[in-house]
Amino acid sequence: MRVGERVALLAAVLLNLTGLHASSCPLEIEPPSVMVPYGGNFSVDCRALTPMVEDLAVEAPYGDKVSSKTQNVTWSMTTVVFWDLVAHCYVNLLPSSNYTKLQWQKPIPITVYKYPQNVIIWDTEGGSDAGDLDEGIPRVFCCNVTDVAPAQNISVTWLIGNRTVLSNDTFTDSKESQNVMSTFSYDPKKEDDGLHIRCQVNFNLGPYGPQKPQTSQPHPLRIRHPPKNITQLEDTELEVGSFSTLKCFSEAYPAPTYHWDYYKTGNVRVMDVAGGSHLYINKTTDVNIGSYTCIVANDLKNISKMARVTVKGANSHCPIKITPERLVMPYGGNRSVLCVVSTEDASKNVIALNWRVGPRIVPGPQWDLDEDEVWDPRAECIATFSGIGKCSKPFDVTFYKTADKVLIHSMDHTGPMLADNEYQLQCDIVNVAPVQNLTVRWYQGDDLLKDQGSLRVTGCPHWNKVECDIQVIRSPVNVSSTITVRLGRNQDVAQFRCEAQLALEQQPPPPMMFQRHNFSVHYKPTINSTKLPLRVPVFKGYPAELVCEADGRPAPDIHWFSEKGVHRFGGNLTATEAGVWTCNATNVVDSDSHEVEVVMKEDHLPLIAGFVATTVLIISAVFIFFYSIYYKNTKMRNYSLHKPSTLKGNVAHNSWDSQLPMTKLS
């Protein structure tokens with residue numbers, strides 16, 4: 001094998017071992033990119049990747065040309081004074097190099113750079129000394145970079161303390177040195193107060209370029225900011241007689257001032273401390289209940305925070321009083337009411353005294369009532385105090401109006417009333433106010449009735465319903481009171497009286513309104529059956545007198561009628577023949593009737609008298625007969641005197657008769 005063939009074979013083996021192909025450039029630059037400062041020096045190696053080199057050289061418009069027959073050549077410059085350096089590495093290969101072409105070239109990247117002469121930061125408004133910045137008001141800072149190259153390969157970074165902010169500035173593409181400027185719009189924040197701002201110039205020339213950034217002098221930031229938060233001030237609950245401290249702190253520049261708004265009393269004092277303020281409460285009482293507001297301010301803004309102080313076992317009070325305490329007056333009258341503070345401390349802390357009458361505000365401490373007032377003004381005195389804030393005290397004013405009239409009538413009934421029946425009586429009180437203070441009393445005659453009935457509003461002026469809640473009505477309404485009565489028979493006329501009286505705390509009280517009404521009492525007739533039996537016997541020739549009496553109101557009409565259709569008017573009837581008679585008693589209420597049966601009897605008295613007379617005549621005849629026999633016998637016998645001296649009287653006897661005293665006839 002010849003020498004040339006051996007060299008070609010070795011070159012092919014080397015190409016396979018190095019992974020190169022016949023189509024790749026067989027040149028290598030070391031370093032791949034040349035970064036050289038202006039005025040500096042550098043050297044660069046140009047190497048051939050194949051031993052089949054016929055000629056290797058570096059050509060440039062500046063400096064000497066270098067060439068070699070070997071695989072390596074070095075080109076250098078001792079002083080770089082040109083900004084635009086262009087150089088190429090050339091190689092001519094032997095024909096047996098197995099490359100697609102025999103001549104190759106490769107540019108040598110050369111960058112000439114220059115560190116900036118100055119990096120200066122300044123404020124567009126305040127120059128190099130920006131002074132104080134106001135929070136939230138943007139400021140523009142500039143970073144001047146002088147005599148730097150290449151500008152297109154630098155970037156500017158802004159540093160605020162340890163915080164980095166990248167700039168989006170781009171600079172003119174030029175290889176020569178120039179002056180460039182970067183701007184940064186800064187939004188001042190309270191958190192940046194006391195920090196510094198800097199601008200930093202970075203060269204972006206890759207790993208072979210300069211790695212050290214160039215930074216400006218730090219510029220101090222002094223941020224003017226208002227107070228935003230108040231710390232350490234919280235709601236507090238205290239014991240009576242205890243000691244406590246309220247604290248108020250806030251951050252701001254310039255340093256803020258502190259002011260407290262509270263209900264000022266002798267046991268409270270305020271003292272400023274470093275960075276804040278303290279409020280001391282000594283021997284706490286109920287007067288210390290309320291709000292304590294700390295106000296922090298500087299020339300930019302003021303803020304405040306309130307803390308509530310409560311005292312265990314004590315109630316907050318509203319130090320005002322109203323004169324008079326309450327008022328009762330007729331509607332349309334003229335009066336004045338005054339609201340004043342009640343303590344000396346209150347007079348030091350009062351801010352405003354006003355009246356609220358319904359939705360209307362009456363400025364000042366005096367409220368003049370006149371006929372334009374509504375019936376229910378719902379008035380209250382409203383006071384505003386430091387610390388306490390707004391507090392109020394209601395004022396009770398009652399307008400009244402006596403009733404236009406009082407009327408009594410019977411419900412669902414007209415005309416006279418019937419005894420023993422129940423009726424409802426209604427008393428209408430017209431146009432009276434306030435109804436909740438109205439008392440209605442019922443009398444029957446002079447007797448107060450136990451049942452006073454119940455009040456009911458008839459027709460509400462402000463509500464679309466029939467009945468209203470009596471407890472909330474203040475304007476005039478019509479009211480009715482209803483009772484249930486039962487009338488007896490012992491009276492022909494019942495008198496009822498309804499009295500309507502407004503019970504108000506007033507001397508003298510409003511006049512009482514009343515009305516009397518008389519009701520006639522009727523009841524149905526009742527026949528007195530004790531004087532009129534059901535059956536009456538009559539002897540022929542001896543007529544019977546029947547008397548029918550009846551009780552009723554009005555007095556009933558009485559008449560008799562028989563079953564034969566005979567009528568007799570009046571309560572007395574002479575019955576001469578047998579039959580059934582009916583007594584009927586009638587009035588406007590009802591009627592009552594009673595039947596009487598008349599029975600005829602035979603008169604046996606003459607027969608009995610004749611029989612008795614005959615019997616008497618017969619007995620008399622028999623007696624006379626026997627007496628005559630006795631008399632004859634007595635006349636025909638002898639009479640003698642026996643021992644007349646023993647007898648005190650004259651006697652006569654016979655032998656078979658007993659002795660009978662005999663009186664001597666003179």
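Geometrically, Arg516 does not engage Phe496 in a cation-pi contact defined by less than 6.0 Å to the ring centre and at most 45° from the axis. At least one cation-pi condition fails for Arg224 and Tyr253: the charged atom is not both under 6.0 angstrom from the six-membered ring centre and inside a 45 degree cone around its axis. Judged by a 6.0 Å distance limit and a 45° cone about the ring axis, Lys264 is positioned over the six-membered ring of Tyr262. Both tests do not hold together for Arg139 against Tyr186: distance to the six-membered ring centre under 6.0 Å, angle to the ring axis within 45°.
In this structure, Asn298 contributes its side chain and Leu300 its backbone to a donor-acceptor pair below 3.5 Å. Of the possible polar contacts, one joining the Ser216 side chain to the Cys199 backbone as a donor-acceptor pair under 3.5 Å is found. Side-chain N or O atoms of Gln515 include one that pairs as donor or acceptor with a backbone N or O of Ile408 at under 3.5 Å. Judged by distance alone, the side chain of Ser480 and the main-chain N or O of Asn478 form no donor-acceptor pair under 3.5 Å. Of the possible polar contacts, none joining the Asn144 side chain to the Met181 backbone as a donor-acceptor pair under 3.5 Å is found. Between the side chain of Asp345 and the backbone N or O of Thr265, no donor-acceptor pair lies under 3.5 Å. Looking only at distances, no side-chain donor or acceptor of Asn437 sits under 3.5 Å from a matching main-chain atom of Leu502.
Contact of the Leu407 side chain with the Cys427 side chain is not registered, since no non-hydrogen atoms from C-beta on lie closer than 4.5 Å. Counting heavy atoms from C-beta outward, Glu380 and Ile382 have side chains that approach closer than 4.5 Å. The closest side-chain heavy-atom distance from Val180 to Val148 is below 4.5 Å. Taking 4.5 Å as the limit, some side-chain heavy atom of Asn288 sits within range of a side-chain heavy atom of Val268.
Among all heavy-atom pairs drawn from Tyr258 and Cys294, the shortest one is CD2-SG, 4.0 Å. Ala383 and Phe385 get closest at one heavy-atom pair: CB-CE1, 3.3 Å. Nearest heavy-atom pair, Ile388 versus Pro319, reported as atom, atom and distance to 0.1 Å: CD1-CD, 4.1 Å. Closest of all the heavy-atom pairs between Pro324 and Arg335 is CG-NH2, 4.2 Å. For the residue pair Phe171 and Ser182, the shortest heavy atom distance occurs at CZ-CB, 4.4 Å.
Other residues, nucleotides and ligands contribute more than 12 heavy atoms inside 6.0 Å of the CG atom of Asn204. Remark: Gln217 CD is loosely packed, at most 12 non-hydrogen atoms of other residues, nucleotides or ligands lying under 6.0 Å away. Within 6.0 Å of the NZ atom in Lys321, the count of heavy atoms belonging to other residues, nucleotides or ligands does not exceed 12. Annotation for Lys247: atom NZ does not count as buried by contact number, only 12 or fewer foreign heavy atoms lying within 6.0 Å. Few gaps surround CG on Asn518; more than 12 heavy atoms of other groups in view lie less than 6.0 Å from it. The number of heavy atoms from other shown groups lying within 6.0 Å of CZ (Arg222) is above 12. Annotation: Gln211, atom CD; neighbour count of heavy atoms from other residues, nucleotides and ligands within 6.0 Å is above 12. The neighbour count for Asp147 CG, taken as heavy atoms of other residues, nucleotides or ligands under 6.0 Å away, is above 12.
Here the SG atom belonging to Cys381 is positioned 8.5 Å from the NZ atom belonging to Lys393, to the nearest 0.5 angstrom. To the nearest 0.5 angstrom, Cys498 atom SG is 5.0 Å from Trp442 atom CH2. We find the CD1-CG distance between Ile281 and Asn267 to be 7.5 Å, quoted to the nearest 0.5 Å. Ser277 OG to Phe249 CZ: the interatomic distance, rounded to the nearest 0.5 Å, is 8.0 Å. Note that NZ of Lys390 and CD1 of Ile351 are 10.5 Å apart. Values are rounded to the nearest 0.5 Å. Atom CG of Leu233 is separated from atom OG1 of Thr231 by 9.0 Å, given to the nearest 0.5 angstrom.
Checked against a 6.0 Å centroid threshold, the rings of Trp375 and Tyr331 count as neighbours. Taking the six-membered ring for Trp and the full ring otherwise, Tyr115 and Phe203 have centroids separated by under 6.0 Å.
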When you look at Ser336 and Asp368, which way does the side chain to side chain donor-acceptor pair (under 3.5 Å) test go after all the steps?
CA-CA 4 Å; Ser336 296; Asp368 296 322; 2.6 Å; yes
Kindly indicate, with the supporting measurements, whether the criterion side chain to side chain donor-acceptor pair (under 3.5 Å) is fulfilled by His225 and Asp193.
CA-CA 9 Å; His225 59 277; Asp193 184 37; 4.6 Å; no
Could you walk me through whether Asn202 and Thr157 pass the side chain to side chain donor-acceptor pair (under 3.5 Å) test, one step at a time?
CA-CA 8 Å; Asn202 306 298; Thr157 301; 2.9 Å; yes
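Taking the six-membered ring where the residue is Trp, Phe395 and Trp367 present perpendicular rings, their angle passing 60° and hence far from 30°. Ring geometry for Phe519 versus His517: interplanar angle of 30 to 60°, hence tilted.
A salt bridge links Glu234 and Lys305; the closest N-O separation between the charged side-chain nitrogens and carboxylate oxygens is under 4.0 Å.
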